Colleague: 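Input: one structure, supplied below.
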Protein chains: 2
Amino acid sequence: MFTEYDHAHMRRALDAAREGLYTTTPNPRVGCVIARGEEVLGVGFHRRAGEPHAEVMALMDARARVGPDGIVGATAYVTLEPCNHFGRTPPCTGALREAKVARVVAAMDDPNPLVAGKGLQSLRDFGIDVRCGLLRAEAEELNRGFISRMTRGTPWVRMKIAASLDGRTALDNGVSQWITGEAARTDGHAWRARACAVLTGLGTVREDDPQLNVRLVETTRQPKRVLVDARLGVPLEARIVHTGTLVFAGALDDAAVALKADALARRDVEVVSLPDANGKVDLRAMLAELGRRGINELHVEAGEKLNGSLLREGCVDELLLYLAPCLIGPGRGMAALPALAELDGRLALDTHSVTLLADGDVRVLARVKR
Amino acid sequence: MFTEYDHAHMRRALDAAREGLYTTTPNPRVGCVIARGEEVLGVGFHRRAGEPHAEVMALMDARARVGPDGIVGATAYVTLEPCNHFGRTPPCTGALREAKVARVVAAMDDPNPLVAGKGLQSLRDFGIDVRCGLLRAEAEELNRGFISRMTRGTPWVRMKIAASLDGRTALDNGVSQWITGEAARTDGHAWRARACAVLTGLGTVREDDPQLNVRLVETTRQPKRVLVDARLGVPLEARIVHTGTLVFAGALDDAAVALKADALARRDVEVVSLPDANGKVDLRAMLAELGRRGINELHVEAGEKLNGSLLREGCVDELLLYLAPCLIGPGRGMAALPALAELDGRLALDTHSVTLLADGDVRVLARVKR
C-alpha cells in the first residue's frame with residue numbers, strides 16, 4: 001500500500017514536524033511534504049498557533065520552487081489528518097484541493113474524536129486519493145500530549161526524576177545538586193522546552209528555589225510554570241513567583257491564605273483553588289483544568305511527596321529518569337509510595353527507551369502500564 | 001603498525017578466546033589465530049586448565065589444514081602473551097618457534113609482573129617479529145579477573161543486584177521473587193557461569209535459600225560457592241551446604257560455633273576462619289585467600305548488609321545491576337551505606353555499558369572509580 005518513496009517522504013514530513021517541537025503548543029506538531037514520485041517539491045511545518053499550518057507552508061514552498069502547475073497531481077504527505085474547519089486559519093483541506101494534489105497520505109487521523117476522519121473524508125469527497133496510517137506510531141509519539149488532551153481532556157504527564165543508581169534523589173539533608181551531570185541536565189531542559197507547562201510543589205520551591213524555565217537549550221517559548229501549593233506557603237520572593245505562574249491551591253477558606261492569594265495576584269500569579277475533600281489540591285481536577293487551558297505535555301519536576309501523590313492518584317503517564325552512576329545510600333527516594341505486602345502492587349512500567357548519556361548518566365523513559 | 005587483516009584476525013582470536021569463557025578458570029581465556037595475509041590457517045582457544053593452550057590448538061588446527069610447511073612464515077595472533085615456562089603443558093613460545101611462524105601479534109602482555117614480557121622477548125630472541133597491543137582493551141576486558149589476581153592478588157569482584165528503578169531489591173517483608181524478568185535472570189546466570197566463585201551472605205541464605213549454581217545457561221563447570229557467615233549460623237539443611245562449598249567464618253572461639261564447623265566439615269563444606277578485630281569476617285583477607293585459591297572473578301549475590309560491608313571496605317570492582325521497569329516505594333535497598341552530609345562522599349562509578357533486555361529490564365554495568 002505504501003512505497004519506499006512514501007516512507008521516505010513521510011519520514012521527512014516527521015522531521016519537519018519536529019522543528020515545531022518547542023513552539024506549536026497548544027497546537028500539535030505537524031509536518032508536510034509535497035512530492036511527486038521521488039522528487040520533493042516542498043516541505044513545511046507548523047511553527048506556532050496562529051501561523052499557517054504545515055500543509056499551507058509546504059504548498060507555499062512547492063509553489064515557490066515549481067510554480068502552481070508543478071504541484072498539480074502531486075502527493076501531499078502530512079503527519080496528521082488535515083483540518084477541515086476554520087480556526088485561526090482557513091481549512092487545509094481546501095488548500096490541498098485548490099492546489100490540485102491528486103493524493104494525500106496522512107500518518108494518523110485527528111485524535112479529536114469529534115472531528116477525526118472528517119478532514120480525510122472531505123478530501124475524498126474532492127476526489128483526492130487518501131491513505132492514512134503511514135508511520136502512525138512515530139506520528140503519535142510526536143503528539144502524545146495533544147492526543148492525550150484531545151482524547152482524555154488532560155495533559156500527557158511526564159515526571160522527570162534525577163537520581164543515583166540506588167534511586168536516591170537527594171541526601172537526607174536535602175542536598176541534590178548535582179547528582180547527574182551536565183549532559184543529563186541539558187537533556188532535561190530539552191524536555192522542559194517541549195512541555196507546555198512545568199509543574200512543581202512547595203517542598204521543591206522551599207528546598208531548591210528553582211526557576212523552572214528553559215535555559216540550557218535554545219527556545220523562543222517558555223513553558224508555563226505551575227505550582228501545587230495547597231495552603232499558599234510559597235515565599236513571595238521565590239523565583240517561581242513570576243508573571244504568568246499558575247498556582248493550584250486547596251481551600252482558600254482561611255484569612256491568611258486569602259491574603260496570600262491577593263499578594264500573589266498582585267505579582268501576576270494566578271491562583272486557582274481546587275480543593276479535594278481534605279482541603280488539599282485535587283490533582284485530577286488540576287489536570288482537567290490544565291487540559292482546558294490547552295496544556296498538552298505537562299513536565300513534572302517535584303519532590304518525593306508530590307511525586308508520590310501524583311503517582312498514587314494515577315496522574316502520571318511517563319517517567320523520565322536520569323540515573324547517575326553512583327550509589328548514595330540513605331537519602332530521599334523518587335516518590336513517597338505506600339509499603340507493599342506483595343510485588344503485584346508495585347507501579348508497573350513499560351521501558352520505552354534507554355540511553356547512555358555523556359558523563360555516564362543513564363536516561364530511562366518508562367511508561368506507566370494502564 | 002597493524003593492518004586491517006591484523007585487526008580481523010585478532011578479533012577472530014578474541015572470539016575464539018570467548019569460547020573458554022566458562023571453563024578456563026583459573027587460567028586466562030586465550031584465543032589464537034594462525035594466518036597468512038588474508039587467509040586463516042588455524043584457530044584455537046584454551047578450553048580448560050591442563051589442556052593445551054590456544055597457540056598449540058591453533059597450530060594443530062593449521063597443521064591439519066595446510067600441513068607443517070603451510071605454517072612456515074605465517075603470523076600467529078594471540079590474545080595474551082605466549083607463555084615461556086613449563087606449567088602443566090610445555091611453553092608456547094617453543095611451539096611457535098618449532099612451527100616456524102615469522103611473526104607473532106599479541107593483544108596484551110602477561111599481566112603477571114614477574115613474567116610479563118619474557119614470552120615476547122623469548123620469541124624475539126628466536127628471530128620472530130613480535131608486536132604487542134593490538135585490541136588490548138578488548139583482551140583485557142576478557143580477563144579482568146585474571147589480571148586482577150595477577151596484579152593485586154585478589155579477584156575481580158562483581159556485585160550483582162536486581163532492583164526496581166527506584167533501587168529496591170525487595171519489599172520490606174523480604175519478598176523479592178521476582179522483581180526482574182526471565183531475560184535478566186538468565187543473563188545473571190551467564191555472569192555466574194563465567195565467575196570462578198559465587199559469594200553470598202547468611203541473610204540471603206536464610207531469606208531465599210539460594211542454590212547459587214548455574215542453571216539457566218549451559219555450562220560444563222559450576223563456580224565454587226562461597227558463604228560469608230561469621231558465626232556459622234547457616235542451617236545445615238540450606239541448599240548452599242553442599243560438597244565443595246567454602247564458608248568464611250570469623251572467630252571460632254565459641255564451643256557452639258566450633259561444633260557447627262565440625263558439622264559442616266562432615267558435609268564436605270570447608271570452613272575458613274578469618275576474623276577481623278571484631279570477630280567478624282575480615283573481607284579483605286577473604287579476597288586475598290580467594291586470590292590464593294585461583295579465583296579470578298568473584299560474583300557476589302548478597303543482601304543489603306553484606307553488599308554494604310563489601311562496598312565500604314573497597315572490596316568491589318564492578319556493579320552488575322538489573323533494573324526492572326517498576327517503582328516499589330518502601331523496601332530493601334541495594335547496599336547498607338552510611339548517611340552522607342555531602343554528595344562528594346557518594347560511591348562514584350563509571351558506567352561501562354547499558355543494555356535494554358527483554359521484559360524491559362535495564363542492565364547497567366558500572367565500575368567503582370579508583
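Predicted model only: the values in this text are computed from it and were never measured. In what follows, every chain begins at residue 1, and chains take the letters A, B, ... in the order their sequences are listed. Only this structure's heavy atoms are used, side chains among them; waters, hydrogens and symmetry mates stay out.
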Colleague: So which part of A:L321 gets closer than 4.5 Å to some heavy atom of chain B, the side chain, the backbone, both or neither?
Modeller: side chain
Colleague: Look at atom CD of A:E313 and say whether more than 12 heavy atoms of other residues, nucleotides or ligands are closer to it than 6.0 Å.
Modeller: yes
Colleague: Counting heavy-atom pairs closer than 4.5 Å to chain B, which one of A:G308, A:A341, A:G331, A:S353 comes out on top?
Modeller: A:A341
Colleague: Check each atom of A:R367 against the heavy atoms of chain B and say whether the ones under 4.5 Å are side chain, backbone, both or neither.
Modeller: neither
Colleague: If you count heavy-atom pairs under 4.5 Å between each of B:G360, B:P330, B:A170 and chain A, which one has the most?
Modeller: B:P330
Colleague: I'd like to know which of B:L327, B:T169, B:D361 tops the heavy-atom pair count under 4.5 Å against chain A.
Modeller: B:L327
Colleague: Between A:I179 and chain B, with a heavy-atom cut-off of 4.5 Å, which part of the residue counts as in contact: side chain, backbone, both or neither?
Modeller: both
Colleague: Given that the side chain runs from C-beta out, which part of B:L171 has a heavy atom under 4.5 Å from chain A: side chain, backbone, both or neither?
Modeller: side chain
Colleague: At a heavy-atom separation under 4.5 Å, does A:S176 approach chain B through its side chain, its backbone, both, or neither?
Modeller: backbone
Colleague: Against chain B, work out which of A:I161, A:D172, A:L356, A:L311 has the most heavy-atom pairs shorter than 4.5 Å and name it.
Modeller: A:L356
Colleague: Identify which part of A:A339 has an atom lying under 4.5 Å from any heavy atom of chain B, answering side chain, backbone, both or neither.
Modeller: both
Colleague: Report the C-alpha separation of B:L165 and A:V364 in whole Å, then their side-chain angles, then the decisive distance to 0.1 Å, and conclude whether the side-chain contact (heavy atoms from CB on, under 4.5 Å) test is met.
Modeller: CA-CA 9 Å; B:L165 280 171; A:V364 178; 4.3 Å; yes
Colleague: Which atoms of A:E304 come close to chain B, meaning under 4.5 Å heavy atom to heavy atom: side chain ones, backbone ones, both, or neither?
Modeller: neither
Colleague: Indicate the atoms forming the closest heavy-atom contact of B:P325 with A:T351, along with that distance.
Modeller: CB-OG1, 3.2 Å
Colleague: Pick one of side chain, backbone, both or neither for A:I328, based on which atoms fall under 4.5 Å of a heavy atom in chain B.
Modeller: both
Colleague: Please rank B:T355, B:L337, B:V362 by heavy-atom pairs under 4.5 Å with chain A and give me the top one.
Modeller: B:L337
Colleague: With a 4.5 Å cut-off on heavy-atom pairs, point out which of A:V368, A:D359, A:N173 contacts chain B the most.
Modeller: A:N173
Colleague: Is the count of non-hydrogen atoms from other residues, nucleotides or ligands lying under 6.0 Å from B:E182 atom CD greater than 12?
Modeller: no
Colleague: Indicate the atoms forming the closest heavy-atom contact of A:C326 with B:A348, along with that distance.
Modeller: CB-CA, 4.2 Å
Colleague: Where does A:D166 contact chain B at under 4.5 Å (heavy atoms): side chain, backbone, both or neither?
Modeller: both
